[in-house]
Peer 1: 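I'd like to ask some things about the structure below.
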There are 2 protein chains.
Amino acid sequence: MAYDSLLDVAIGQFGERGFDGASTRAIAAEAGTVMSSITYRYGSKEGLYLACADHIAAQLGGHLEPALDRVDPQGPLDASDAVEAVAGLVETISRMMLIPDVEPWAQFIIREQQRPGPAFERLYASIMRRVTETVVRLVRSARPSLDESQARATSITLYGQALVLRAAHAAVLRTMGTERLSEAQQELLIQTIRANVYAILKGEPQS
Amino acid sequence: MAYDSLLDVAIGQFGERGFDGASTRAIAAEAGTVMSSITYRYGSKEGLYLACADHIAAQLGGHLEPALDRVDPQGPLDASDAVEAVAGLVETISRMMLIPDVEPWAQFIIREQQRPGPAFERLYASIMRRVTETVVRLVRSARPSLDESQARATSITLYGQALVLRAAHAAVLRTMGTERLSEAQQELLIQTIRANVYAILKGEPQS
DNA sequence: GTCTATACTACGATAGAC
DNA sequence: GTCTATCGTAGTATAGAC
């Protein structure tokens, strides 16, 4: 149990303070053990960091893979079914961004995106790639008039609407005029995003 | 000149490595001076950090205030003019996100958003607030059927489409299948965002 | 005003007790 | 396996030379 506790604490610390800023001593102390446990279990501070990335990827998978499985194995889709599928996926991602538990993961990933290293590689290969490629494929089904690049650009903007809830969390709170998002405010944001997905994917007559 | 150089270097280092990870010695050395200059000029490492926030706010203002001035003093707007104004503002913000010079500022701000402190306070008060409030006001003109909360939620999602270009830069590059965004790819992303703004703000008949 | 020298603290890693 | 003790390095801050 000390095992998982060490990882969870480390994700929080790395996310909050960055790789250099986080202290192995502080991580170990918060997890109720001593610094040399980290060396013993993970070899080094960097080993712990990579183990955090793998742990996050597994947790993200747990949240997203059920939704991905629901749309992934299917063949070519009817356009309006594809719109529905994208809206559902983006909603799932948006809801995830609002779960308190994912806050440390999100901070870790956002940090890692700014200067991607081996940890980002693992995250991308294990879960992010599947999410983006699935959305791109669905967007192409929803709007066949888009070419591959246009569908990829559109997918990025759809993702951005969910991402902003975490990446600019402080600004979101101020814009909504609160210190904590109420249930109703969260639902309003999610339904707004969902409506935008429909507007974006249906906004142009399909050829 | 050593003055500004110290700030620019510090913004890059703080953005990249975080407050704790950045070293005053390294910052001073990269700026061609010694660590004690920082103590002398800014009092402490934290004083330097706050000075960085003010410097960034001033630079952001230089990029955004001309566009804000263009739409701000006007009274109630025709809905389609308001849509046009929002599209122009979001485009300005999106283009800013893609300028190489703003990368260090963006990293600094994103970091600060994850655990906002006094530096975020300064950034928000001096420039971010004006941007968000202006967009909210324009969105309400563009879609009078939205109430205040809905307009705020919509504004957040519009901002998210620009933010993702920086906050998830590594994922954007992979999704677009490149290691650096070409001019054409940048333009594609911006035009996609612009089209989305139109789709979102015109997507519903106005009451 | 800018630098050198230094005080003090905390870091990651390792060796060895148990 | 888990802890204590310790090494070498690097951090911020300060005092004082020039």
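Quick note on labels: first sequence line is chain A, next is B, and so on, each numbered from 1. Just so you know, these numbers come straight off a predicted model, no measurement behind them.
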Peer 1: Using the ring-ring contact (aromatic ring centres under 6.0 Å, His included) rule, collect all pairs that involve residues 167-192 of chain A, keeping only residues at least two apart or in two chains.
Peer 2: none

Peer 1: Rounded to whole Å, how long is the line connecting atom CD of B:Gln13 with atom P of D:dT12?
Peer 2: 11 Å

Peer 1: Just the atom pairs and distances: protein N or O near nucleotides 5-9 of chain D's N or O, under 3.5 Å.
Peer 2:
none

Peer 1: With sugar-phosphate meaning primed atoms plus P, OP1 and OP2, does A:Ala26 contact a base, only sugar-phosphate, or nothing at under 4.0 Å between heavy atoms?
Peer 2: nothing

Peer 1: Taking B:Ala106's backbone N and O only, do any of them form a donor-acceptor pair with B:Arg166's side chain (distance below 3.5 Å, no angle check)?
Peer 2: no

Peer 1: Checking A:Arg115 now: which residues fulfil salt bridge (Lys or Arg N to Asp or Glu O under 4.0 Å) with it, not counting sequence neighbours?
Peer 2: B:Glu16, B:Glu103

Peer 1: Could you list the residues that satisfy salt bridge (Lys or Arg N to Asp or Glu O under 4.0 Å) with A:Asp101, not counting sequence neighbours?
Peer 2: none

Peer 1: Tell me, please, which residues at least two apart from A:Phe108 pass ring pair (Phe, Tyr, Trp, His ring centres under 6.0 Å).
Peer 2: A:Tyr49

Peer 1: Please compare A:Thr39 and A:Ser23 by the position of their nearest nucleotide in DNA chain C and report the one closer to 5'.
Peer 2: A:Ser23

Peer 1: 5' to 3' on DNA chain C, which nucleotides open and close the contacts with chain B (atom under 4.0 Å from a heavy atom)?
Peer 2: C:dG1 to C:dT4

Peer 1: NA contact type, B:Ala22, heavy-atom cut-off 4.0 Å: base, sugar-phosphate, or nothing?
Peer 2: sugar-phosphate

Peer 1: Give the rounded distance in Å between these two atoms: CG of B:Asp20 and P of D:dT12.
Peer 2: 10 Å

Peer 1: Compute whether any side-chain donor of one residue and acceptor of the other, for A:Tyr124 and A:Gln113, lie under 3.5 angstrom apart.
Peer 2: no

Peer 1: Between P on D:dG11 and CZ on B:Phe14, what's the gap in Å once rounded to a whole number?
Peer 2: 13 Å

Peer 1: Check for a donor-acceptor pair, side chain of B:Ser44 on one end and backbone N or O of B:Gly47 on the other, with a separation under 3.5 Å.
Peer 2: yes

Peer 1: CE of B:Met97 to CG of B:Leu165: how many Å apart, nearest 0.5 Å?
Peer 2: 7.5 Å

Peer 1: Can you tell me how far C1' of D:dT12 sits from CG of B:Leu48, to the nearest Å?
Peer 2: 13 Å

